[in-house]
> 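Once you've had a glance at the structure underneath, I'll fire off some questions.
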Protein chains: 2
Amino acid sequence: MQAAKPTIQQISNTTGYSVSTVSRVLNGYSRQYRISEKAQKLIKKKAEELNYKPNQMARGLRLKRTFTIGLVIPDFANPFFAIMAKHIEKAASLSDYSILLVDSDENAEKEKQQIKNMIARDIDGIIVAPVGTEKNHFNDIIKQKIPLLFIDRYFPDMDVPFLSSDNFRGAYDAIKLFIRNGHKKIAIIKGDNRIEPVKERLRGYINALKESGINVCEKFIAGNGFSPENGYHTTLELLELPEKPTAILAMSNLIGLGVLQALNEKNMSIPSDMSFIVFDDQPYVSYLNPPVTTVKQNSEMIGKMAFELLLKKISDPGHTPSSQLIPTAIIERRSISQQK
Amino acid sequence: MQAAKPTIQQISNTTGYSVSTVSRVLNGYSRQYRISEKAQKLIKKKAEELNYKPNQMARGLRLKRTFTIGLVIPDFANPFFAIMAKHIEKAASLSDYSILLVDSDENAEKEKQQIKNMIARDIDGIIVAPVGTEKNHFNDIIKQKIPLLFIDRYFPDMDVPFLSSDNFRGAYDAIKLFIRNGHKKIAIIKGDNRIEPVKERLRGYINALKESGINVCEKFIAGNGFSPENGYHTTLELLELPEKPTAILAMSNLIGLGVLQALNEKNMSIPSDMSFIVFDDQPYVSYLNPPVTTVKQNSEMIGKMAFELLLKKISDPGHTPSSQLIPTAIIERRSISQQK
DNA sequence: GTGAAAGCGCTAACAG
DNA sequence: CTGTTAGCGCTTTCAC
């Protein structure tokens, strides 16, 4: 075995066959071009021997297809996104696709920059969970006719397919569960107002309340970011209210951590002093005190389907994948009290 | 703005300057070649106007430098790795590098396959947290002289630089803390025996015990995998022992989750019935009942340094980065009882 | 100051 | 059945 990367040229030289013949054999066109058995054997043997792998740069340049997709995620430290990424990668590698990864860090400018970079890298398609506050830069992708798919967050007024949890329903179900347990003073701690899943969850909250004839109290709709800090401060504020809520729905696992911290500090127990549901069924919630009821998002399915939809679009540009809302599930544990 | 991707050719055509001049200007060689102000202005303006970005495929093919590094991680769902990845990506994007991501899923065969793929993609370097049970395939990378760096896991007998936590010290400190609190019957639940950090942590465990004149009991060294399931079953076994341990050190956050589950099921409380320390200081551990003492690994620093070391090696192939052990820290919370 | 042309490694049209 | 050749978009040597 030698150091330099073997090229098709080398195989051509050492076997005596032309580069085209070598290329044909190696790409599985032997039948079609009726290459002789002898040539096939020899070329394959040599390729094996040299441990030949076609240079993907050259291939991509020529084919205008790179077998690479871009993946842009707002925060990798958030297990919700990490797990989604895991399953996208898994599906992709099964189809010989590679992933170019970007963590936009909830920063629209970085997102924009890196998307430009990905376009320059001739990716075949791109999956993005957008920061959600800006969308102009996506027009570049669309104009270049690069297949694009949004996950989790999306822009309903944009003609781009997306995959997201059924956020309306998730929140709706959670609030209904509170109500069934006798709660009427229910607060919700939100992520960034501008992003769609937040709007949808809020809609679910309001709908559930109204449907049950419960007044929607503005004071109980609070917070504005997907961070533990937001969860923490917002909870503290909620606890200062003259009429405190008896139940809180946190819009993400990160927010939930902050809620827990605030409650802890104030020596309030779940569920006796406060009932609690959180979005995202992370493994650790079963071991919290008490185990916390969650709205589980199927990030595994979102990830898997995301790649498959994108691939379909890549393989058949005529096809337009339709957006889908993936069902959520309430995982009941022991964080809700019975109110009389 | 137009749909097709602008090329250097187009700029050449529309400005009347040759492709070489355009290339020079756009690559910042105007001074060196003493390109006229007029030409510079015109070319830059046109490039801006067309929103030109050099095609990285073509560039990579020509330059033999792709500004891409490979990153291979055994499990993205493990926040320890996800956070490391986040910081690698962050450092990389600051230096205009992109990340090709693989989740090897703790599967040596996939790792091997995907590394071959990355080589074919002409990546400039590669960072891998190896599955840890096989290493032959890394010779391909070395033979091709592609800069390689291991993180977290590594092979001490291989001449490849690595960055890992000071695992020996982390475990040693944890055990010493147990001992200071009067514990003598201390169990450790391990990850896969074959990987280096596990060996090191075990060495720390044994050393701490011996140093304090405590007998090392084989029964207390248990488990063999980084999964919650292993944590769960091993804990159950430990609890069956005629002489039960009074303290457990779990070698990872995932194992720790399993320990928690087993303890819960057996109605054992921390720390009254069992003292507990876990590797990895995940955000949620503060909100467990009780908050759990951890061995914190500095995955942020590992990630950041990993990219920087690799980049140095890429930029100066003569340079060989030296391996480093990154200090761990004990974060004391309330999961350890005083034994009399 | 600028341009022509070679060539990175590959695929595919065209030519036998 | 196989080979020659053009060209993907770019950088860079050589030439003027």
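Keep in mind it's a predicted model, so treat the numbers as computed, not measured. In what follows, chains are A, B, ... by sequence order, proteins preceding strands, each numbered from 1. Reckoned from all heavy atoms, side chains included, excluding hydrogens, waters and symmetry mates.
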> Is any side-chain heavy atom of A/V102 closer than 4.5 Å to a side-chain heavy atom of A/L71?
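A/V102 vs A/L71: side chains apart.
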> Does A/V19 offer a backbone N or O that forms a donor-acceptor pair with the side chain of A/S23 under 3.5 Å?
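Side chain of A/S23 to backbone of A/V19, a donor-acceptor pair under 3.5 Å: no, none is there.
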> Between A/K53 and B/T21, which has a closest nucleotide on DNA chain C that is more 5'?
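Looking at the nearest nucleotide for each, B/T21 comes out on the 5' side.
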> Would you indicate what B/S20 reaches in the nucleic acid, counting non-hydrogen atoms under 4.0 angstrom: base, sugar-phosphate, or nothing?
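Touches a base.
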> Quick one: does A/N27's side chain have a donor or acceptor within less than 3.5 Å of a partner on A/Y29's backbone?
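Judged by distance alone, no pair lies under 3.5 Å.
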> Does the ring centre of B/F155 sit less than 6.0 Å away from the ring centre of B/F162?
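Between B/F162 and B/F155, the centre distance exceeds or equals 6.0 Å.
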> Nearest nucleotide by nearest heavy atom, which residue falls closer to the 5' end of DNA chain C, B/S18 or A/M57?
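First, find each residue's nearest nucleotide; the 5'-ward one identifies B/S18.
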> Rounded to whole angstroms, how far apart are OH on B/Y17 and C1' on C/dG1?
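One finds 9 Å between C1' of C/dG1 and OH of B/Y17, rounded.
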> With distance as the sole criterion, do the side chain of A/S23 and the base of C/dA12 form a donor-acceptor contact below 3.5 Å?
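Under the 3.5 Å cut-off, the side chain and the base do not form any donor-acceptor pair.
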> Is the centre of the B/F81 ring less than 6.0 Å from the centre of the B/F76 ring?
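Not under 6.0 Å, so no.
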> Between C/dA13, C/dC10, C/dT11, which nucleotide gets closest to the side-chain atoms of A/A58?
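Output: C/dC10.
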> First contact, last contact: which nucleotides of DNA chain D are these for chain B, 5' to 3', heavy-atom distance under 4.0 Å?
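Contact boundaries, 5' end first: D/dG9 to D/dC14.
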